[in-house]
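This report concerns only the one structure given below.
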2 protein chains.
Amino acid sequence: MSAVERRGGAGIQSAERALRILELVGAAPTGLTAAEIADRLGLGQSTTYRLLATLQHDDYLARQPGEHRYILGRSVDELGRALQVQLVATDPVRAVLRALHDAVHAPAYLTVFRGDDIAVAHIADSPDHPRIGQLHVGFAEASHTTAFGKLMLASRDDAAVARFLERRGAARLTASSITDAATLRDQLDEVRAQQLAVEVEEYLPKLACIAAPVRSPAGRVVGAVSVSVSSKDLPSRAWELERAVRRGAWQVSARVAG
Amino acid sequence: MSAVERRGGAGIQSAERALRILELVGAAPTGLTAAEIADRLGLGQSTTYRLLATLQHDDYLARQPGEHRYILGRSVDELGRALQVQLVATDPVRAVLRALHDAVHAPAYLTVFRGDDIAVAHIADSPDHPRIGQLHVGFAEASHTTAFGKLMLASRDDAAVARFLERRGAARLTASSITDAATLRDQLDEVRAQQLAVEVEEYLPKLACIAAPVRSPAGRVVGAVSVSVSSKDLPSRAWELERAVRRGAWQVSARVAG
DNA sequence: CCCCTGCTTCGCACTATGTGCGAATCGCCG
DNA sequence: CGGCGATTCGCACATAGTGCGAAGCAGGGG
């Protein structure tokens with residue numbers, strides 16, 4: 001087909017082009033015209049229109065009547081909904097998080113491990129006890145500086161952790177962040193022993209976080225339930241928070257399907 | 001490639017296969033293995049693995065370390081997020097809906113017109129004033145029996161409305177549902193004149209709904225703000241509700257970008 | 001009323017791209 | 001060490017995908 005190498009291209013090209021179209025259209029708040037898409041992707045019009053027809057046929061794209069621009073369609077919404085289910089963000093689970101929040105008066109988080117990423121599946125907070133910084137529902141960088149991140153790493157063996165660090169590095173976010181591989185390894189051992197991860201001012205100043213593992217029926221660690229508090233409150237509340245988080249994680253585990 | 005015709009196939013097949021894989025994986029709460037996918041799609045392994053590699057490369061699919069099953073990846077979430085933006089479901093807009101709900105003590109809805117579909121972009125309700133039936137955020141069938149549906153139809157010309165009815169029909173949902181094309185046309189004229197749509201027990205028994213149009217800066221009607229109340233309350237509150245809904249729609253319009 | 005300008009579809013010729021099949025590897029478990 | 005699933009590789013074929021150019025449409029000014 002075309003001449004020279006395209007960047008990034010690994011695999012089926014027409015599939016990749018289709019995906020790129022979706023991303024492009026999604027990135028434009030009001031959608032794009034066929035010409036704009038063809039232009040930005042460097043495709044001929046024939047090709048572009050055929051691709052667009054396919055995406056439209058399956059409702060991944062739609063267009064307002066009369067308008068000449070393509071916008072994301074309902075299938076995108078359906079996929080997103082399916083993702084929510086895979087993230088275990090069901091109503092009963094949300095209820096557990098809410099109860100946890102109400103019990104400890106601190107924001108509560110449900111995170112799910114996904115490959116090398118961490119997905120924040122749900123947050124129960126309130127105006128009085130706002131969530132951590134800019135953390136929001138969606139995918140987040142997995143990090144060794146968060147309690148749930150440690151839990152995720154602890155669910156793997158040392159070799160896998162080493163590979164992970166090689167890929168992602170061990171960034172220093174605060175003065176307390178752990179950047180030494182050996183220190184981290186020791187901590188992960190402790191996490192495995194306690195089945196609990198704690199983080200104190202390693203991710204954001206003045207903040208601490210406690211996380212307990214969520215397990216699938218098969219016993220696999222698939223995510224974490226956690227709460228964050230001001231680090232100065234941690235010493236006096238550690239015992240209470242640990243109990244609450246452990247219970248929350250247990251309750252969520254009981255409500256997880258596969 | 002393969003032999004006989006496949007159902008539905010209109011357009012680029014590898015793109016369609018990629019999309020079908022995403023749907024398949026999304027439909028399985030705990031993901032699928034490569035073999036299962038190949039099997040259900042009737043594809044050879046070579047092809048399947050190549051397709052999977054592509055989807056994984058672009059983060060539409062991911063897999064747990066060690067696991068042999070594919071799950072939806074972060075790109076799916078990103079697309080869904082992009083859709084939210086296109087649906088105008090931004091924080092300032094949500095705030096308007098919340099204020100509207102608090103003012104009238106009734107559930108408030110923001111709907112966005114998308115092709116022939118209606119997307120429920122946001123709902124502001126409360127335990128005291130629950131939302132309409134099973135209506136939830138996401139795409140919904142456009143219907144001439146809802147206030148926002150009438151608004152959507154009213155934003156088109158008679159020919160387009162006729163075409164729509166031909167495609168979707170005019171189903172009777174309650175005793176009051178309008179099923180006669182001529183009657184509907186007259187009502188839509190009235191909607192255009194008043195820039196307001198009302199529905200009384202046409203969608204669900206005992207429920208009434210009032211909707212006002214949201215306009216893009218260009219003046220195009222792109223959606224609706226609406227509230228629903230018990231139909232027995234409508235007569236006494238009509239004036240108040242109309243004012244509140246009109247104001248809400250105006251405020252949302254002012255916060256819409258393109 | 002008709003031309004002009006963008007959007008969209010069509011037809012065609014070419015071959016790169018996607019494909020199936022089978023075999024080779026890999027990785028894990030017993 | 002043997003066996004079994006998962007995954008990759010190699011190869012030959014032709015289909016599916018592509019670009020280009022031209023033909024339809026639709027709409028908006030003049």
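Quick note on labels: first sequence line is chain A, next is B, and so on, each numbered from 1.
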Is the shortest side-chain N/O distance from A:R17 to OP1 or OP2 of D:dT18 below 4.0 Å? yes
Send over the distance from [X] [atom1] to [N] [atom2], rounded to a whole Å.
X     : N      : atom1 : atom2 : answer
B:R69 : D:dA6  : CZ    : C1'   : 13 Å
B:L43 : D:dA16 : CG    : P     : 13 Å
A:L52 : D:dG17 : CG    : P     : 15 Å
B:L51 : D:dA16 : CG    : P     : 15 Å
B:L32 : D:dT7  : CG    : P     : 13 Å
A:E16 : C:dT17 : CD    : C1'   : 14 Å
B:Q13 : C:dG18 : CD    : P     : 12 Å
A:L41 : D:dG17 : CG    : C1'   : 15 Å

Contact string for nucleotides 24-30 of chain C, one letter per nucleotide 5' to 3', B = base within protein heavy-atom range under 4.0 Å, S = sugar-phosphate only, - = neither, reads -------
Readout for nucleotides 5-13 of chain C: B = base within 4.0 Å of protein heavy atom, S = sugar-phosphate only, - = neither; 5' to 3' it is --SBBBB--
side-chain contact (heavy atoms from CB on, under 4.5 Å) filter on A:R69, not counting sequence neighbours, yields A:T30, A:T33, A:E36, A:E67
- Examine the side chains of B:S14 and A:S14 and answer whether a donor and an acceptor come within less than 3.5 Å of each other. yes
Side-chain ion pair, [X] and [Y], N-O less than 4.0 Å:
X      : Y      : result
B:R163 : B:D158 : no
A:R156 : A:D116 : yes
A:E202 : A:K150 : yes
A:D77  : B:R114 : no
B:R74  : A:D117 : yes

Atom CZ of B:R247 with >12 non-hydrogen neighbours under 6.0 angstrom
no
Heavy-atom donor-acceptor pair, A:S253 side chain to A:R215 backbone, under 3.5 Å:
yes
